[in-house]
Structures are given as C-alpha cells and as structure tokens.
Amino acid sequence: MIKLIHTGPFATNSLVVPLGDSSGGTQRRQVFIVDPASCDFSSDKYSVSRYLEKEDLEPVAIVLTHGHFDHVAGLGFLKDRYRDIKVYIHGEDASLIGDGGAEQQARHLSRMGFMEFLPYVSGLCPASDLLVDGDELFGQYGSPWRVMHTPGHTEGSCVLYSQSEKTLISGDTLFYRSWGRTDLPGGSEAQIVRSLRRIYKEIPPDTRIYPGHDRAGFLLEESPIL
C-alpha cells in the first residue's frame, strides 16, 4: 500500500511506494519515494526518513514528478541520508535541481512572493538519471512503473503508471476534478489539456490516482474533467 505523507509548506503528497507485485505474498521492503518536500522550514525534515526507519524499508530511488520547489525541498536531506539512492527527473525540469537550480527556483518563488523559501531549494543534488516518456522503472523488483511525459504544469512534468497495481501517480498534472496551474514559468494550458486527454485515453478508468496535493486514492472515472 502506498504511504502518503504530507510534507513541506504546501502539504505536498509525498509518497512512499512499495516495489514488487502486491499479489506476490512476500514482504516488500524496497520502496521508492515520490516528491519529498520535508524540510526545516515546515518542521518536518525527518517525516519521511522516520517512517522508512520505523517500517524497516529500503529506499532505492527518489522520483520527482516535476521540479517545483514544493516537491523537491526534501531531496538534499534524503540524498545525504541514503547515499546510494538514485534521483530521477525529466530532462526538461532537470535545471531546477543541481548546479544552477537555485536560480531557476527563484524565478518561480519570486512570482509567488515566497522568496524566503529559496535557501531550502538551493544546492540540491543533480539527477542520477533523466526520465523519458515510455521509460519503465523498477522492473527488476517486479512489475514496472511506466513514465508518461505530461507537460503543461511544467515542461518536464511526468506521471507514473503501474498496470499491475492499477495506480497512477499524477504529480501536479491531474487532481480530483481539476488539474495543475499553468501560470508559472514553463507552464502551458494548451499542453496540459493535451496531456490530460492522453491520460484519459490511455489509462483505464478504474485506476487509482495519487496526485501531488489534496485528495488521493480516487478512481480516474470519479474525476471527469474533459
């Protein structure tokens, strides 16, 4: 079962996702983390790591659905704590972390009047690997998670789909009966509409959706928006 932990200043849905097949009957210790935002600013820096250690889980990767500040603030701490962990992000958003990432984050934070958060997204580690549409992640642990590039909220926004788990991790592309904002740098209303149409075309309606904020675990068919 996916563990949802609200983290960061905007209560991001940070996810801890078990690897392997849920029908396998064996304990699944390996997990990947999606969009960790926990940090000192929001007094939840240890929220993800404490859960991992309490449950004796082994994180193998961090997957960023996109590079916005409210989805990446926990990256530095977790990378330091779990040094072998891999970090994945789409190439179109890779400039928001790593060298020069602070400058890019400042463009978004200044538009929101939230520049006091800049120190918490400065000096973040670069990606280990760049996501590409059609990638299949973590197949060595069981059924893979397929990457779908869904630009619109940001240029590099992605969602992750597991056919075996009937689950879509949608980041800030798709929410319950809504979708992500497109007024920040790199956003595009036309692109996000195309991305949403693709999701509704390719993803079965009985798939459970875990977005980047707010309500999670609803069925795609419960959220008609196009």
Side-chain angles (χ1 to χ4, degrees), residues 1-8 10-25 28 31-37 61 63-68 70-71 88-90 92-93 131-139 141-184 186-226:
M1 179 180 294
I2 291 176
K3 173 66 174 180
L4 188 157
I5 306 172
H6 291 124
T7 66
F10 294 159
T12 298
N13 291 343
S14 297
L15 307 176
V16 178
V17 185
L19 289 167
D21 295 311
S22 59
S23 60
R28 298 190 292 172
V31 298
F32 68 96
I33 303 164
V34 178
D35 293 350
V63 181
L64 303 174
T65 62
H66 62 291
H68 277 164
D70 58 323
H71 289 250
Y88 295 92
I89 192 172
H90 191 274
E92 292 289 346
D93 274 16
L131 299 173
V132 175
D133 186 73
D135 278 348
E136 293 195 342
L137 304 179
F138 314 124
Y141 298 98
S143 298
W145 287 79
R146 176 163 65 93
V147 176
M148 296 173 63
H149 180 210
T150 54
H153 179 62
T154 66
E155 294 170 315
S157 288
C158 290
V159 303
L160 304 175
Y161 173 59
S162 171
Q163 182 178 14
S164 66
E165 301 294 322
K166 294 185 176 181
T167 297
L168 182 79
I169 296 170
S170 63
D172 283 5
T173 296
L174 172 65
F175 300 119
Y176 180 68
R177 299 189 174 182
S178 184
W179 57 87
R181 62 188 296 175
T182 58
D183 59 329
L184 294 175
S188 166
E189 192 73 11
Q191 279 192 322
I192 205 168
V193 168
R194 286 194 292 270
S195 294
L196 291 166
R197 285 175 176 162
R198 181 185 178 195
I199 289 172
Y200 279 85
K201 179 180 179 180
E202 297 185 16
I203 302 301
D206 60 347
T207 300
R208 294 212 169 269
I209 312 299
Y210 286 81
H213 300 275
D214 304 324
R215 179 174 174 178
F218 58 90
L219 299 180
L220 184 61
E221 63 188 359
E222 295 178 311
S223 181
I225 57 176
L226 292 176

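Everything numeric in this text was worked out from a predicted model, so none of it was measured.
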Pairwise distance [atom1]([X]) to [atom2]([Y]) - rounded to 0.5 angstrom:
{"X": "Thr182", "Y": "Asp172", "atom1": "OG1", "atom2": "CG", "value": "12.0 Å"}
{"X": "Tyr88", "Y": "Leu64", "atom1": "OH", "atom2": "CG", "value": "12.0 Å"}
{"X": "His71", "Y": "Ile89", "atom1": "NE2", "atom2": "CD1", "value": "11.0 Å"}
{"X": "Leu196", "Y": "Trp179", "atom1": "CG", "atom2": "CH2", "value": "7.0 Å"}
{"X": "Glu222", "Y": "Asp206", "atom1": "CD", "atom2": "CG", "value": "11.0 Å"}
{"X": "Thr207", "Y": "Glu202", "atom1": "OG1", "atom2": "CD", "value": "11.5 Å"}

Test of understanding: with side chain to side chain contact (heavy atoms under 4.5 Å, CB included), list the residues that count as partners of Gln163, not counting sequence neighbours.
Tyr161
Side chain of Ser223, backbone of Tyr176: donor and acceptor closer than 3.5 Å?
no
The test is side chain to side chain contact (heavy atoms under 4.5 Å, CB included); show your working for Thr65 and Cys158 and say whether it passes.
CA-CA 5 Å; Thr65 62; Cys158 290; 5.6 Å; no
Does the side chain of [X] reach to within under 4.5 Å of the side chain of [Y], using non-hydrogen atoms?
{"X": "Leu168", "Y": "Arg208", "result": "no"}
{"X": "Trp145", "Y": "Phe32", "result": "yes"}
{"X": "Thr154", "Y": "Glu92", "result": "no"}
{"X": "Ile203", "Y": "Met148", "result": "yes"}
{"X": "Leu137", "Y": "Val147", "result": "yes"}
{"X": "Ile209", "Y": "Phe175", "result": "no"}
{"X": "Val31", "Y": "Leu19", "result": "no"}
{"X": "Ser188", "Y": "Pro151", "result": "no"}

Among Ile199, Ile169, Leu174, the one residue meeting side chain to side chain contact (heavy atoms under 4.5 Å, CB included) with Val159:
Ile199
Quick check on the 6.0 Å ring-centre criterion: do His90 and His66 meet it?
no
Looking at every heavy atom in both His153 and Ile192, which two are closest together, and how far apart are they?
N-CD1, 3.8 Å
Do you know which two heavy atoms are closest between Glu165 and Thr167, and how far apart they sit?
O-OG1, 2.9 Å
Hey, can you pull the donor-acceptor pairs under 3.5 Å for the side chains in residues 10-18, sequence neighbours left out?
| unit_1 | atom_1 | unit_2 | atom_2 | d |
| --- | --- | --- | --- | --- |
| Thr12 | OG1 | Asp70 | O | 2.5 |
| Asn13 | OD1 | His6 | NE2 | 3.2 |
| Asn13 | ND2 | Pro211 | O | 3.0 |
| Asn13 | ND2 | His213 | O | 3.4 |
| Asn13 | ND2 | Asp214 | O | 3.0 |
| Ser14 | OG | Thr7 | OG1 | 2.6 |
| Ser14 | OG | Asp35 | O | 2.6 |
| Ser14 | OG | Ala37 | N | 3.4 |

Flag the pair Arg146 and Asp133 as a salt bridge only when some basic side-chain nitrogen lies within less than 4.0 angstrom of an acidic carboxylate oxygen.
no
Should Val34 and Tyr210 be marked as a side chain to side chain contact (heavy atoms under 4.5 Å, CB included) after you check the CA-CA gap, both sets of side-chain angles, and the distance that decides it?
CA-CA 10 Å; Val34 178; Tyr210 286 81; over 6 Å; no
Start with the C-alpha gap between Val132 and His149, add the side-chain angles, then the distance that decides, and say whether side chain to side chain contact (heavy atoms under 4.5 Å, CB included) holds.
CA-CA 7 Å; Val132 175; His149 180 210; over 6 Å; no
